[in-house]
Amino acid sequence: MKIPMESLMSKLGNPGRYQVVVFFLLAFNYMPVTFNHLVMAFFGSTPPIYFCTSPDLQPVTPTKGHSANIQSWVPTEAYSVGNLTITGVVYDKCSSNYHLQDGGNVSVDCTAHTVGVWNYIKSPHESTIVTEWDLVCDSSFLAKVATTVYFSGVMVGGLVFGVLADKLGRKPVMLITLFIPILIGVGIAFANSYILFLVLRFLQGAFMQGLQTSTYVLAMELFLPQYRGVAGAVLECYWGVTVVMLAGVAYLLQSWRYIQLAITLPSLLAIPYIWLIPESPRWLLTRHRFSEAEKWISKMTRHNKLEYPSQVMESIKLHLDKSEATSVRQYTFMDLVATPKIRKRSLILFYLWFAVAVGYYGLSLSVTSLPGNKYFNFATSGSVELVAFILVVIIIKRFGRRKSLLAFFLIGAISCITAGALSFFSKKGSMMSEVSTGLAIFGKFGMGGVFSLTFLYTSELYPTVIRNIGMGSCAFWARFGGVVAPLVLMLGDVTHKSISIVVFGCIALLGGFITLLLPETLGQKLHDTIGDTENFHGYEEDQELDAAVKQTLAPCDEEVIVMTDK
């Protein structure tokens with residue numbers, strides 16, 4: 001039996017100012033999520049110039065003013081260290097060769113860790129985990145491993161907190177995952193070893209995913225169908241703005257420890273959320289917690305200057321009492337694959353979330369290694385995403401979710417594949433190389449649009465009773481994509497940089513095509529139970545059914561029509 005939930009939401013404002021204020025407060029939760037998801041682009045950044053020297057045999061160290069291609073250094077006169085006279089040195093990233101006046105030479109290997117030391121050409125205040133723990137040469141993969149570990153935590157968080165939010169409520173999970181990361185973030189800023197950094201980043205990833213999922217679902221459940229598209233896109237705009245802000249914070253502070261504190265401590269300003277943010281009325285009602293639901297609904301109507309919808313509330317209670325919901329059964333991940341329509345949607349959505357995450361995070365993590373100023377490049381990529389998020393608000397009202405998602409997937413896929421092909425045949429600094437870089441950034445535009453739409457689309461395809469479990473499970477596959485993205489980048493390191501971006505494009509291309517297997521949800525009511533979804537004919541079928549009914553009833557008199565409508 002269908003619960004008249006949309007009727008209740010329409011009585012609470014269309015939308016009401018209370019819901020709008022709560023929504024914008026919730027949107028700020030996206031800032032710590034965005035910061036932590038993408039900050040490794042700066043934490044794991046490797047200076048373009050570094051070289052190996054001996055702690056005992058160091059002639060004048062080259063500075064940033066010298067040629068960017070530091071291969072060798074020849075002193076204007078012989079340079080003496082102890083009993084040795086150095087006439088020149090050939091630098092390399094992992095080892096160096098010192099030439100002596102007597103014709104001999106001394107080789108220094110920094111990968112031995114006890115012989116040589118690395119020197120990094122960077123600004124005086126800049127530091128990353130790479131420069132602090134020497135994650136270069138044979139240890140260079142450890143910087144990308146740190147990203148993989150973080151998204152492994154995000155994977156776990158998607159499953160754990162998705163289930164908890166459906167059992168305990170959206171609000172308590174949102175508050176837990178908002179405030180505990182403050183302690184973890186401070187711990188990361190003072191981590192004195194790479195291993196401790198990894199452990200804390202793993203935990204941070206788990207909590208950040210819980211925060212993102214619970215915030216998104218709570219925000220979506222405040223609005224009627226016609227406003228969910230705009231609300232979801234506005235949330236993604238917060239993401240895009242925060243990407244640009246991250247570039248500014250990183251540029252101003254430059255030290256990874258200070259950056260970590262800057263993205264962590266502002267969450268303390270959200271302490272009033274404990275009293276200001278309501279629990280989802282939808283969730284409370286489906287869990288038969290009527291007294292709590294009535295409290296929040298009374299508060300909403302009071303702030304919106306509306307009458308309390310007592311008649312609708314009584315109708316909802318009656319429906320719930322007569323439905324299978326009276327058992328208040330516990331839903332699990334298995335409910336995502338237990339019934340035909342939900343199972344089909346879940347399998348397709350799992351791949352879509354994986355595909356967009358691989359492309360989005362792969363491009364985000366590599367953008368700081370593109371030619372030019374890394375802070376400017378990162379800010380530019382964030383601006384491009386923001387344009388995509390704003391565009392989503394405009395096009396989903398006219399073209400719907402499915403067609404828009406397909407279009408953004410194709411933009412991302414074609415841009416990446418073309419950029420990879422051009423990069424493979426172009427030389428660094430050439431016009432073709434610049435075009436390739438531009439296409440890669442345009443690919444991020446496509447992936448950003450997909451990410452914005454995928455969140456909204458998924459929240460509409462799952463019914464209320466398993467929406468948070470569904471979102472959390474999809475997020476698991478997105479974070480699996482985040483785990484895979486650094487590995488694909490490592491594949492490019494050992495083969496050719498263009499291989500990685502072509503792989504991103506091919507994965508996205510398949511995602512675009514299977515999007516066509518999903519139903520359109522534009523203007524459709526949110527389903528509250530699994531039965532609602534399984535018994536739903538679909539927009540196209542409903543149109544045909546309506547036409548058939550009208551044709552059948554046409555010869556009937558008005559009395560029969562009225563009786564039929566009842």
### Task
Test side chain to side chain contact (heavy atoms under 4.5 Å, CB included) on F378 and L38 and set out the steps.
CA-CA 10 Å; F378 196 86; L38 299 179; 4.1 Å; yes
Using the test side chain to side chain contact (heavy atoms under 4.5 Å, CB included), find all partners of [X] that sit at least two apart in sequence or belong to another chain.
X	value
V22	Y18, L26, L222, I277, P278
F513	L509
I394	none
V387	F445

Any side-chain heavy atom of [X] sitting closer than 4.5 Å to one from [Y]?
X	Y	value
P181	T264	no
P519	L461	yes
L349	L518	yes
W256	E126	no
L405	L352	yes
R343	L347	yes
Q254	I259	no
I342	I466	yes

### Task
Evaluate the criterion side chain to side chain contact (heavy atoms under 4.5 Å, CB included) for residue pair K344 and T339; output intermediate values, then yes/no.
CA-CA 9 Å; K344 177 183 175 182; T339 54; over 6 Å; no
### Set of residues satisfying salt bridge (Lys or Arg N to Asp or Glu O under 4.0 Å) with respect to R17, sequence neighbours excluded
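R17 satisfies salt bridge (Lys or Arg N to Asp or Glu O under 4.0 Å) with no other residue.
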### Residues which pass salt bridge (Lys or Arg N to Asp or Glu O under 4.0 Å) with R201, listed by chain and number, not counting sequence neighbours
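If we apply the salt bridge (Lys or Arg N to Asp or Glu O under 4.0 Å) test to R201, skipping adjacent residues, there are no hits.
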Would you compute the distance between atom [atom1] of [X] and atom [atom2] of [Y] and round it to the nearest 0.5 angstrom?
X	Y	atom1	atom2	result
K144	T147	NZ	OG1	8.5 Å
I390	I395	CD1	CD1	13.0 Å
Y216	R467	OH	CZ	11.0 Å
Y120	T131	OH	OG1	6.5 Å
F504	K444	CZ	NZ	12.0 Å
L386	L391	CG	CG	11.0 Å

### Query
Can you list every pair that meets ring pair (Phe, Tyr, Trp, His ring centres under 6.0 Å) and has a residue in residues 139-163, with sequence neighbours left out?
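Residue pairs passing ring pair (Phe, Tyr, Trp, His ring centres under 6.0 Å), neighbours aside: H37-Y150, H37-F151, F151-Y361, F161-F207.
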### Task
Sequence neighbours left out, what passes disulfide bond (SG atoms under 2.5 Å apart) with C506? Give chain and number order.
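With neighbours one apart ignored, the set is empty.
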Extract all donor-acceptor atom pairs below 3.5 Å that involve side chains of residues 237-248 and protein atoms in other chains or at least two apart in sequence.
unit_1	atom_1	unit_2	atom_2	d
W239	NE1	Y360	OH	2.7
T242	OG1	Y238	O	2.6

### Query
Under 3.5 Å, is there a donor-acceptor pair between the side chain of T177 and the main chain of M174?
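Confirmed, T177 side chain pairs with M174 backbone.
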### Check: R257 side chain, A191 main-chain N or O, donor-acceptor pair, under 3.5 Å
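Indeed, once roles are kept as given, a pair shorter than 3.5 Å links the two residues.
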#### Entry: Pairs flagged by side-chain hydrogen bond (donor to acceptor under 3.5 Å, both in side chains) wherever residues 205-215 is involved - sequence neighbours left out
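Checked against side-chain hydrogen bond (donor to acceptor under 3.5 Å, both in side chains) - neighbours excluded - the pairs reaching residues 205-215 are N29-T215, Q209-T213, Q209-R479, Q212-R479.
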Quiz question: by atom type and distance under 3.5 Å, do the side chains of [X] and [Y] form a donor-acceptor pair?
X	Y	answer
Y462	S346	yes
W353	T458	yes
S381	E385	no
E132	S127	no
S45	K374	yes

Heavy-atom neighbours of [X] [atom1] exceed 12 at 6.0 Å:
X	atom1	value
F28	CZ	no
Y194	OH	yes
F354	CZ	yes

#### Entry: Residue pair V392, F408: steps toward the side chain to side chain contact (heavy atoms under 4.5 Å, CB included) verdict
CA-CA 9 Å; V392 165; F408 278 109; 3.8 Å; yes
Smallest separation among heavy atoms of [X] and [Y], with atom names:
X	Y	answer
I396	R401	O-NH1, 3.8 Å
A262	V249	CB-CG1, 3.9 Å
A219	L235	CB-CD1, 4.2 Å
V173	G210	CG1-O, 4.3 Å
Y351	I507	OH-O, 3.0 Å
S500	L491	OG-C, 4.4 Å

### Task
Can you run down the salt bridge (Lys or Arg N to Asp or Glu O under 4.0 Å) pairs that involve residues 148-160, sequence neighbours left out, and say none if there aren't any?
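As it turns out, there is no salt bridge (Lys or Arg N to Asp or Glu O under 4.0 Å) pair with a partner in residues 148-160 once direct neighbours are skipped.
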### Task
Could you go through the side chain to side chain contact (heavy atoms under 4.5 Å, CB included) check for C416 and L363 one step at a time?
CA-CA 9 Å; C416 286; L363 292 172; 3.9 Å; yes
### Task
Could I get the full list of ring-ring contact (aromatic ring centres under 6.0 Å, His included) partners for F202, not counting sequence neighbours?
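Partners of F202 under the ring-ring contact (aromatic ring centres under 6.0 Å, His included) test: none.
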